[in-house]
*Asks:* 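Here's a structure for you.
Below, chains carry the letters A, B, ... as their sequence lines are ordered, and counting in each starts from 1. From a predicted model like this one, the values you see are computed outputs, not experimental measurements. Scope of the values below: all heavy atoms of this structure, side chains included, with no hydrogens, waters or symmetry mates.
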Amino acid sequence: MSGIRMSSVAVTAENCENGEPQAPEESHQGQANIPEIVEPEDDDAEEQEMLKYGAKHVMMLIVPVSLCMIIVIFAIRIITMYDQVSQPQVYLVYTPFNDQTKKTTGSPISDAVLNMLIVLGLVIFMTCVLVLLYKYRCYKVIEGWLFLSSLILLFMFTGLNLHEIVMRFNFAMDYITISLIVWNFGVMGIISVHWKGPLIVQQGYLLIISAMMALVFIKYLPEWTLWFILGGIAVYDLFAVLCPKGPLRILVETAEERNEPIFPSLIYSSTMMWTITMAEGDPVSSYNPLNSSSSSSAQGSPPARPQPEMEPEEQGVKLGLGDFIFYSVLVGKAATADDWNTVMACFVAILIGLCLTLLILAIVKKALPALPISIFVGIIFYVCTRWCIKPMCDQMALSQVYV
Amino acid sequence: MLPFFYVLITSAYSNTLNDNIYTSIDFGRDYCFRLNNFNSQIGCQTSRDGDSGILLQLHSAEDIENTLKDLEEPFIAVLDASIFNNITALKLKQHSKTRGLLLIENEESKVDSFSPEKTCPGNGFNYLENVTDVDVSAPHQSQCIRKQLWNPKGNWLSYDDFPFGIFLIKSKSQKEIILSKAQANIENYSLKPYPLWGGEVRSFMKSAQNTETCIRRGTCDPLGGYNVHVNLIPRDEESKKPIILLIAKTDSTAFFKELSFGEQDSGVSTAVLLAVIKALSKVRDENDDLKADIMITFLQGESFDYSGSQRLAYQLNPLMNDTLQLRSFSLTIDDIMCVIELGPISTLKDLYLYPAKSNGMTKKIEEFFASYNSSNIQFHAVEPGTPLPPSSIHSFLRENEAIPCILLTDGHDNIQSNVFGSRYDTLNNNENLVSRVKDLSEIIAKVTVQLSNGTGASHAEVPESLVSEVLDCFLVNLNCTLLRRIGNQFNSTANLPNSTLSRYSGVRNSFAVYLRNISLDFSMKDLSKIVPSVEKCNATYTQNWAPIIVNDTCFGYVVNSSSATSPAFKLKDYSSTKYSTWTESRWSPNFRIMGSCCSRQKKSRKGKVVYEYDKVPDSFHSPDSQNKANQQLHIQHISERDVVSQDLLPDDQENGTMFLRRITMDEGSLRRSLKNRHRGKGSLSSDRGSPSTPCQLQKANSCSTIFIDDNTVSQPNLRATLKCVSLAIYYHIKNRDKESEFVDILDEKRHPLTKQPVPSDYARNDPPNNYIYRFIKNLFVSAQLTAECAIISLIYIERLLVCADICLQPSNWKRIVLGAILLASKVWDDQAVWNVDYCQILKDMVVEDVNELERVFLELIQFNINVQQSAYAKYYFDLRSIAEQHGLTLPIDTLDKKRAKKLEARSQNEEYDKLAEMVESGPVKAISLENLSKRRPSAAVIS
Amino acid sequence: MNLRRASPEEKINVCRKYFLAGLPLLPWVWIVNVLWFWREATKPDHIPEVRKYVMYSAIGALAYLTVFGTWVGVYQSQRVAWGALGDRISIFVPDGEP
Amino acid sequence: MAVNWLPFIGCLSIAFGPSVTLFLCTAAKEAQGVILLITSAFFWLLSLLLTSLVWLAVVPLRKHLALTLVFSVLFQEALRVVFVLLVKKTDVALSRISRETTDLFHGPRYSVIAGLGYGVMSAMFMYVNVLSEASGPGTYYTPGSPSMPIFVSGALQASVMTGLHVCWGLLCSEGLEKRSWPLLASVTLSHMLVSCLTLMNEAGISPIYAIVCSYLILAVIGTFTFKRFGGNIKPFFKIQ
């Protein structure tokens, strides 16, 4: 899940300073999307500008990430389905070791580890499949796959969540109304995500999709497994993006060779790109939830896109939707514990992790995994808050002592 | 590292603000709940998220008047339970701000006259000789028979519908908490805006409106429980002995779920009837020849419009397709000689005999009873024409007026107890109750014997200790010596609740199981005479007794139980006014005190926990309340309910084997089997076919050598099975009760199986047995079908007969059998025979015709082709039994390894798996019985 | 896509496609269309085509919404009266209420 | 549980209304402001984490909040200093990169934002769990205050803490800039003072006193800071 890639804002900057029409496609293309070849002789002004722009783009990520997390938090606090175990608790197929299915290896930890391994294996496999598909230019296959899964996600999960809401508030709902709502919501999503639509609508759908995905994970993964998967995915992300033979790294490099943008499906872009197939990341994950990490990795889309319309300001920091999902999963899991301190601690921790990652990005100027820092800081603070800070805060709140 | 962890864990449990604001109070199950019937909902209901209001203590009706006059904020009334009656309830109900009601129960302030019941219990479901008996002017349109208010004290409170929750508070600590808060409120009620103590009541009932609605939405479950039938000796069907039916209602109404003691209502009569069982079985053991069969039946659900007795009467009615399949025989209402019911008995001084219709029989009974008049028990015959009090008898009369019934109760023209149907219905210390019960039960036993044999039985007596034990169990504490002893001897791991028995029948209750256990223990007969050895203590050897090994002696019993849910639910007629339609809602209760300033109770908030309950359906129907939180249990609960109805109650099955009944209709077979019985007296089974087998009879199964024939439930022997099946079909045809209207496709003339012309009298003379056998055998051999197919096809045939309401007759049997086998082969075999192949087998039959036949067959049985394990086993064993009756059993010899492999008697371990999961799932008390009843099939594998 | 830089033909094309897409019971698509192209449709040098489609979408959306609204109203008020039918067409029936 | 919104929203706006307004006026304008806010909040979180670790490790401390409080205040102030220094460092680094001196993290506004982050975070951690209870039907009264529910007093306290933290943030950065230790000391001391005032609640005295005192202190420190940064009241009273 190559989390963040910053377009070479150097070029951007000067372009918008002297608002001349953009450079010829190829070179622009390259510079626009492959951070690695930002010219070293960028001069200070550009650096300076870059910082400003960097900050701007960071904002453009922080806002949607926070929004997504907030959606998840409130969904969990209001729709009680997610925090209380349904009976009988159902889990994803990919986590065979749990208390429900009889086959369990004694301790929950070992179960969780096994599940995590299975899931990770699946993720890696899926990523490799995607990389191969991209390598051999099976764009159509990828497209179809993503379309299908986005279809499933937008319709099925929307209906599911609606039903939960209806049950929560105990009011009557008929099939006609609910199907109309789902139909409207889903179709609009498909249109705006796969074709053209207002930026705000696109981004809104991306957020909602990620939030739903996260909720599904929280609901259908065993507790311990969830934590292990969070950790495992973060580690895998690190490896996949940075290691020279990591699949995502390979993906990026192939894209460079072909001198075509790593197509931004599965990627939330802070500004509008010509994302014909933008944001199908989740669909993949929904289609095969365990795939979300790979899904959120940058992947190839048909390069067939109106190149000449590339605009300078349309470069921006991009964040894989998988990162959205897993941030939200962490925060959402914190929200299931009936304590707001933990939630806020995780929230802030994740944002800090994000900022840190962006800072590093600004320094090393190459595609970076967005998960590791945030997730680990988040987990640390989850544990600490849950077991150390909260008791103290409760005591203080009871006796109204403010520090 | 470790100490640090320790620190973490300990510090994790600090008390949060929430714990300081809310003190949740768990009321166990002492709150009022919601019931539905065909047209109404009764009981209590709060809003879904709970209703909150200030705690307000009220002392009297006037107090309510004055306090509530100018009260604008919502409140939760705290009331002394003794002043909760219809007046106060009405006042609270009328006030718009009432959000809940907490009743403080005080032992000292006991109410001696309070009956929340109807003035005429069971009205609308009583038997009315003629319509003029109904008195519409009576309150609540109660159809009191001839203006006879049986329960004049009744104030109908239980039948009111409250829009708020009502809880009863018994535990001392809870009382203290609530009263102190309420007190505090009174003190500073004047000085607003001082915060007042509040409460939040939550007992959210899911069902609404009426039974039809809530059943449709699956938010309620039919009331009932189980009827328990005890026979002294296994009824043998052929000798049409009349049956004397002794019945008593065992349950009682409940306003608060767990608080329905109903001791005067039904407690004593139940105890008496149990004692009667003991007495009678003594008589039985002394002299073995009772002219009439005696059946003792404990009815449940009676308090809710007689659902139990209605079901029984319905089952007894041969026309209804719901015969009461007791273990080895079935009953119809014609077999019943008379019904004697024990009504409410509190003072066993003067007992009144109410004949339903006074005729010779009832006269005789009255005389018999009168002959036992003594100083301490007086029997009075009421003058003819007195209306019959509310009692189970009404249901029997509604089914069939002719049955002579008599009710024995102590109320004269109105009920004796002033607390009928209330939680105060406990026995006020009746002096020498034990001896009276003893006397009464002995008298009843004697009368019964007298009825059957004409002469009284001198030695019908019950040990006084036993009576006191029974009373102790049912009136004082369930955790009593008797039940414990029985539990041990049936090696059940049942842990008895340490409380008084609650008689509310509910959806399912453990009460029936206690009754069954005890009566089983009382009526057990030592079979060591007829069973050669303990190893052979199994169904085959014990004739019709259900075998059970108690400390290394083989006993037999005939105790059955059948569902007591009203026929309305069997008929799926949920708005029926003919049958009882009571259902119990599913719910999730909760209550918490709030707005505390210094309450430091470290209680966890029930809100969440409870909220999870209503995700779990009817968690509160589980019989033992300590399992409430354990949701695993409730999940299996639903499924486990019908498991119960099949395994714990083998008689409650939809598909009883019809052919057995057909056979018993047959005199020929009757004579034969009687003859056999004489010969096979004391032998292994009713008969071993050829008379040259007695030497074999001495062979005994032991651990080392097992004698077995090639015919087991898991691997039936083809030839034997086919023989039996053909026999079954033969009897079906032979004893068909009516010439049914013909179904075209099944008619042989229209669709001949063979070219040669069908004889003109094809519809008249019955085919001989061996002809049928050949026909079937031909099909099976040429189609290479297995024996299981035969059994399944028999099941299908009978399904067809039931569903299509036709009979096997010479005109149609061939095609029906063919269709059944066709279907069975397709369902059973993995690579089924094609219809075309059948055309090969029976020549000159066109495939279209076969297809058509198959289609019609499927339609007629409503595409219900799946066969329950239990049903299969049932058929198998019944087939075996005819096999034995007709000497078709295979020669038995020792079981060696390869035969064992071949037989692969896997049914046994399967049984045990099932048993094991019963143990972890079901109510523990049921297990002991599971043990008993489940031994049977597995034992029969080695026959 | 960004309207500011979109060519008139493309605007018309997109607007028209949105309008057509809205036909199968999709008021939401129409609403988005209206909001998206509102400025385009109302500015002085608007493209008449776009304006037309925006208007159509607006009207259509209103029509659909009124229909849906009435249906919801009818259902919510009549469900109990309908009895079994009411339950059958309901994906969820509230507990504890008739 | 039936939610009653009125008290909930009331308390919410009392507690966080001012800080939200301040945020909109200052940080929301530009990106680096928000980043700064989050970072400072994170630093406060760190300080609380350290406190809680001490609180856990030293078992006897758990009984006496007073000691915990002292630790907490010290940690907070220490980390505040660290934070300010860190910001300065980055600022210097950045301004070295960039020729023209458009200082990114410099000037009173950023100090205000930093203080705001601190204040909001502390207010949240101290108050949000209480607030979440306010939505339930029940209320809670400390023994000291039979008339004022904990929700209201908590909200007031939270808001005043936020305000104080803003001032402290300003003063702290100022003190570090000017190397004037008394200023830093005064910050720490006043913080200590305010926190110790809230110990009265624990002692069972009505929270009103603590609240009133803290508001007075806020007024004093506020005016001081205002003057210190050369603020000027005229514009407020000028009639346009």
Side-chain angles (χ1 to χ4, degrees), chain A residues 19 21-22 81 154 158-202 204-205 269 271-276 278 305-306 308-314 316, chain C residues 1-7 10-11 13-40 61 64-65 67-82 85-98:
Chain A
Q22 63 284 354
M81 150 198 172
L154 276 168
T158 316
L160 214 116
N161 287 304
L162 263 178
H163 187 224
E164 282 307 322
I165 294 170
V166 168
M167 271 165 68
R168 167 67 183 82
F169 295 105
N170 197 35
F171 63 83
M173 174 65 84
D174 59 322
Y175 283 104
I176 300 169
T177 316
I178 205 163
S179 46
L180 277 174
I181 294 171
V182 172
W183 169 243
N184 273 274
F185 181 81
V187 171
M188 188 61 226
I190 295 287
I191 290 176
S192 67
V193 160
H194 288 267
W195 189 53
K196 297 173 180 176
L199 177 63
I200 182 78
V201 175
Q202 270 180 355
Y205 268 102
S269 165
T271 60
M272 163 121 55
M273 306 250 324
W274 287 113
T275 55
I276 290 89
M278 172 164 154
R305 72 172 50 142
E309 302 187 26
M310 275 301 212
E311 286 282 335
E313 297 106 37
E314 287 163 353
Chain C
M1 64 180 273
N2 192 335
L3 285 182
R4 272 189 287 109
R5 270 183 309 284
S7 64
E10 180 160 17
K11 280 182 197 165
N13 175 25
V14 171
C15 191
R16 192 167 138 282
K17 289 220 172 104
Y18 261 75
F19 171 68
L20 294 179
L23 282 171
L25 292 177
L26 287 170
W28 174 230
V29 174
W30 277 343
I31 292 169
V32 171
N33 191 17
V34 170
L35 296 180
W36 194 14
F37 284 94
W38 187 255
R39 186 169 285 107
E40 288 294 324
Y64 273 149
L65 286 183
V67 173
F68 293 170
T70 30
W71 161 251
V72 170
V74 169
Y75 167 77
Q76 294 292 354
S77 54
Q78 298 303 312
R79 180 178 57 80
V80 178
W82 289 341
L85 174 70
D87 284 6
R88 212 173 299 115
I89 64 170
S90 303
I91 193 170
F92 176 77
V93 182
D95 295 329
E97 301 167 18

*Asks:* So A:L180 and C:W71, side chain to side chain contact (heavy atoms under 4.5 Å, CB included) or not? Walk me through it.
*Replies:* CA-CA 11 Å; A:L180 277 174; C:W71 161 251; 5.7 Å; no
*Asks:* Ignoring hydrogens and geometry, is there a side-chain-to-backbone donor-acceptor pair from C:D95 to A:N170 under 3.5 Å?
*Replies:*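 No: the side chain of C:D95 does not pair with the backbone of A:N170.
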*Asks:* Please check if the number of heavy atoms outside C:W82 that lie under 6.0 Å from its CH2 is greater than 12.
*Replies:*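 Yes - once you tally the heavy atoms of other residues, nucleotides and ligands closer than 6.0 Å, there are more than 12.
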*Asks:* For the pair C:Y18 and A:W195, evaluate side chain to side chain contact (heavy atoms under 4.5 Å, CB included) and give the outcome as yes or no after the intermediate values.
*Replies:* CA-CA 11 Å; C:Y18 261 75; A:W195 189 53; 3.6 Å; yes
*Asks:* So which atom in C:Y75 and which in A:A172 form the shortest heavy-atom distance, rounded to 0.1 Å?
*Replies:*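 Smallest heavy-atom distance, with atoms named: OH-CB, 3.7 Å.
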*Asks:* Which atom pair, heavy atoms only, marks the closest approach of C:V32 to A:M188?
*Replies:*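 Heavy-atom minimum between the residues: CG1-CE, 3.7 Å.
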*Asks:* More than 12 heavy atoms of other residues, nucleotides or ligands under 6.0 Å from CD1 of A:I200: is that the case?
*Replies:*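 Not more than 12 within 6.0 Å, no.
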*Asks:* Could you check A:T177 against C:F68 for side chain to side chain contact (heavy atoms under 4.5 Å, CB included), going step by step and ending with a plain yes or no?
*Replies:* CA-CA 8 Å; A:T177 316; C:F68 293 170; over 6 Å; no
*Asks:* Based on non-hydrogen pairs under 4.5 Å, which of C:G96, C:P24, C:G86 is most in contact with chain A?
*Replies:*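 Among C:G96, C:P24, C:G86, the one with the most close pairs to chain A is C:P24.
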*Asks:* Can you see which heavy atom on A:F171 is nearest to which on C:F92, and at what distance?
*Replies:*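 In terms of heavy atoms, the two residues are closest at O-CD2, 3.5 Å.
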*Asks:* In sequence, state the C-alpha distance, the side-chain angles, and the governing distance for C:K17 and A:K196, and then conclude on side chain to side chain contact (heavy atoms under 4.5 Å, CB included).
*Replies:* CA-CA 10 Å; C:K17 289 220 172 104; A:K196 297 173 180 176; over 6 Å; no
*Asks:* Please flag which part of A:V201 lies under 4.5 Å from any non-hydrogen atom of chain C: side chain, backbone, both or neither.
*Replies:*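 Only the side chain of A:V201 comes within 4.5 Å of chain C.
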*Asks:* Which value, rounded to the nearest 0.5 Å, describes the distance between A:Y175 atom OH and C:I91 atom CD1?
*Replies:*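 A:Y175 OH to C:I91 CD1: 5.0 Å, rounded to 0.5 Å.
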*Asks:* Let's test your reading of the structure: which of C:D87, C:L26, C:L25, C:N33 forms the most heavy-atom pairs below 4.5 Å with chain A?
*Replies:*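 Result: the option with the highest number of such pairs is C:L26.
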